[in-house]
2 protein chains.
Amino acid sequence: MNSIQLLSNHQLRKTQFRERVLDIFLRYERALSQKDLEEQLHESDRITLYRTLKTFEEKGLIHKAIDGSDRLKYALCAGHCDVHAHHDHHAHFHCVTCERTFCIEDVQAPALDAPPGFEVESTHVIINGRCAECAH
Amino acid sequence: MNSIQLLSNHQLRKTQFRERVLDIFLRYERALSQKDLEEQLHESDRITLYRTLKTFEEKGLIHKAIDGSDRLKYALCAGHCDVHAHHDHHAHFHCVTCERTFCIEDVQAPALDAPPGFEVESTHVIINGRCAECAH
DNA sequence: TTTTAAGTGCAACATTGTTGCGTGTTGGTT
DNA sequence: AACCAACACGCAACAATGTTGCACTTAAAA
Ligand SMILES: [Mn+2]
Ligand SMILES: [Mn+2]
Ligand SMILES: [Zn+2]
Ligand SMILES: [Zn+2]
């Protein structure tokens, strides 16, 4: 899968900026913050990046990776997500040492109970710990 | 348990401001954002509130309630948390309608696997859905 | 090639996080 | 009761991030 395919699959115009952003996601296989992306993009406008990420999220190219850090991160969707719904229910691993966050496709959010009257819509699992590199 | 006991149990000076903040947590039995608290406090200085929450969190009176919203929330610790460690491993329910967040003491974070080489330290579970009031 | 809906870049403002510092307060000591 | 030192408070200031409006540029369909 390349950035051009991703854009056309999701009915998005192909622009140089969007391709650059997607290429970074494809290169780093992990969740990235807006700051992470800015560092890779060198020249870029933060508002354009902000709106690009928002659009990608709405159209189902990327999903928010909640990791408990103060910074919002996004990661590429594995597939079949679109403008109608996201289907990423995997856990996210947040390394407390290097602050990197990884999608853990193998760990799905478990079915959980909620108190009476509460309607469960989706669940998120965040795992904190040390990644393979930082655990040495 | 009242606010004065909570402060002395955690080796914190008793001040009027801290008592007011704790009273709000005791009154609303849910996770509160800094903005929620400011609305209840009427007259208050946001920097003092920021530092008060930070101190409370460090001393084990309150814990961060990660709920995936853009706003950090805090909730009262159930007990036995102190300056050394927090022991809150329950799930947090975030209502997508009213944006309120509740500690679900009954739902503990499940033991989860991580990829080889990754060291798990703690896990967080966020449940999104509709609370009893909003599910009508 | 023309047309137009969409994307980009900049200004501007809001919100939140964070630190420094002078002043006021708490709780223990004299 | 008065005193003192550590701590807490309130304000200024700045950083980072989120968000919108608007004029200009560009993509892709006609
Ligand atoms: Mn993910
Ligand atoms: Mn909680
Ligand atoms: Zn790491
Ligand atoms: Zn609700």
Side-chain angles (χ1 to χ4, degrees), chain A residues 2-24 31-74 83 99 101, chain B residues 2-24 31-74 83 99 101:
Chain A
N2 64 47
S3 54
I4 294 174
Q5 286 176 291
L6 281 172
L7 289 170
S8 78
N9 288 353
H10 292 86
Q11 286 83 47
L12 282 175
R13 286 193 180 178
K14 177 175 64 110
T15 72
Q16 199 229 340
F17 187 77
R18 288 175 173 175
E19 285 178 50
R20 283 205 289 153
V21 173
L22 283 177
D23 283 340
I24 294 167
L32 299 170
S33 67
Q34 184 158 341
K35 195 173 175 206
D36 292 334
L37 289 161
E38 274 167 13
E39 283 167 4
Q40 297 303 316
L41 284 167
H42 309 297
E43 293 287 300
S44 76
D45 179 68
R46 73 182 188 93
I47 290 97
T48 301
L49 179 55
Y50 164 76
R51 281 196 265 230
T52 299
L53 294 172
K54 205 170 171 183
T55 300
F56 284 178
E57 204 270 338
E58 283 164 9
K59 301 289 180 163
L61 280 82
I62 61 180
H63 61 272
K64 287 177 182 162
I66 299 163
D67 68 359
S69 73
D70 43 9
R71 191 165 290 172
L72 178 59
K73 289 178 186 161
Y74 288 100
V83 70
E99 290 279 304
T101 298
Chain B
N2 64 47
S3 54
I4 294 174
Q5 287 177 291
L6 280 172
L7 289 171
S8 77
N9 288 353
H10 295 271
Q11 286 82 48
L12 282 175
R13 287 192 179 179
K14 179 173 64 108
T15 72
Q16 198 229 339
F17 188 77
R18 288 175 175 176
E19 285 178 49
R20 283 205 289 153
V21 172
L22 283 178
D23 283 340
I24 295 167
L32 299 170
S33 67
Q34 184 157 342
K35 194 173 175 204
D36 293 333
L37 290 161
E38 275 167 12
E39 283 168 5
Q40 297 304 316
L41 284 167
H42 309 298
E43 293 286 300
S44 75
D45 179 68
R46 73 183 188 93
I47 289 97
T48 301
L49 179 55
Y50 164 76
R51 281 197 263 231
T52 299
L53 294 172
K54 205 170 170 181
T55 300
F56 284 179
E57 205 270 336
E58 284 164 7
K59 301 289 181 162
L61 281 82
I62 62 180
H63 61 271
K64 287 179 182 161
I66 299 163
D67 67 1
S69 74
D70 42 10
R71 192 165 289 172
L72 179 59
K73 288 178 186 161
Y74 288 100
V83 70
E99 291 278 304
T101 298

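Side-chain atoms are counted along with the backbone in the values below, which use heavy atoms only and exclude waters and symmetry mates. Given the structure is predicted, the values throughout are model-derived calculations rather than measurements. Throughout, protein chains are lettered first and strands after them, A, B, ... in sequence-line order, and every chain is numbered starting at 1.
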ask   = Quick one: B/Lys73 NZ to C/dT16 C1', roughly how many Å, whole number?
value = 15 Å
message = Tell me the interatomic distance from B/Phe56, atom CZ, to D/dC9, atom C1', rounded to whole angstroms.
response = 13 Å
Closest non-hydrogen atom pair between B/Gly68 and A/Ile66, with its separation = CA-CD1, 3.5 Å
key: Euclidean distance, atom NE2 of residue B/His10 to atom P of D/dC7 [Å, nearest integer]   = 18 Å
ask   = What nucleic acid atoms does B/Arg18 come within less than 4.0 Å of, heavy atoms only: base, sugar-phosphate, or nothing?
value = sugar-phosphate
inquiry  = Looking at every non-hydrogen atom in both residues, tell me the closest pair between B/Glu57 and B/His63 and how far apart they are.
reply    = CG-CA, 4.5 Å
request  = Spell out yes or no: do the side chain of A/Arg71 and the base of D/dG18 have one donor N/O and one acceptor N/O closer than 3.5 Å?
outcome  = no
task = Rounded to the nearest angstrom, tell me the gap between atom NZ in B/Lys35 and atom P in D/dG18.
result = 16 Å
ask   = Would you say D/dA8 has OP1 or OP2 under 4.0 Å from some side-chain N or O of B/Thr55?
value = no
Within 6.0 Å of CD in B/Gln16, more than 12 heavy atoms from elsewhere = no
task = Check whether the side chain of B/Arg51 and the base of C/dG17 form a donor-acceptor pair under 3.5 Å.
result = no
request  = Establish whether the base of C/dG9 is bridged to the side chain of A/Arg46 by a donor-acceptor pair shorter than 3.5 Å.
outcome  = no
request  = Please figure out whether B/Leu12 or B/Ile47 has its closest DNA chain D nucleotide nearer the 5' end.
outcome  = B/Leu12
inquiry  = Strictly below 4.0 Å: does B/Gln34 bring a side-chain N or O up to OP1 or OP2 of C/dG17?
reply    = yes
request  = Give a yes or no on whether the backbone of B/Gln5 and the side-chain of B/Ser8 come within a donor-acceptor separation of less than 3.5 Å.
outcome  = yes
key: Rounded distance in Å - CG (B/Asp45) to P (C/dT25)   = 15 Å
ask   = Expressed in angstrom and rounded to an integer, what is the separation of A/Gln16 atom CD from C/dA6 atom C1'?
value = 17 Å
request  = Return the nearest nucleotide to the side chain of A/Arg13; candidates are C/dG9, C/dA5, C/dT16.
outcome  = C/dA5
query = According to a strict under-4.0 Å criterion, is B/Thr15 in side-chain N/O contact with OP1 or OP2 of D/dC7?
reply = no
ask   = Rounding to a whole Å, what distance do you find between B/Arg20:CZ and D/dC9:P?
value = 10 Å
ask   = So does A/Thr52 get a side-chain nitrogen or oxygen closer than 4.0 Å to the phosphate oxygens (OP1/OP2) of C/dG7?
value = no
Under 4.0 angstrom between A/Lys59 side-chain N/O and C/dA6 OP1 or OP2 = no
query = C/dG20 P sits how many Å from B/Lys54 NZ, rounded?
reply = 11 Å
request  = Give the minimum heavy-atom separation between A/Asp36 and A/Ala31, together with the two atoms involved.
outcome  = OD2-O, 4.3 Å
N/O (side chain, A/Tyr50) to phosphate O (OP1/OP2, D/dT19) under 4.0 Å = yes
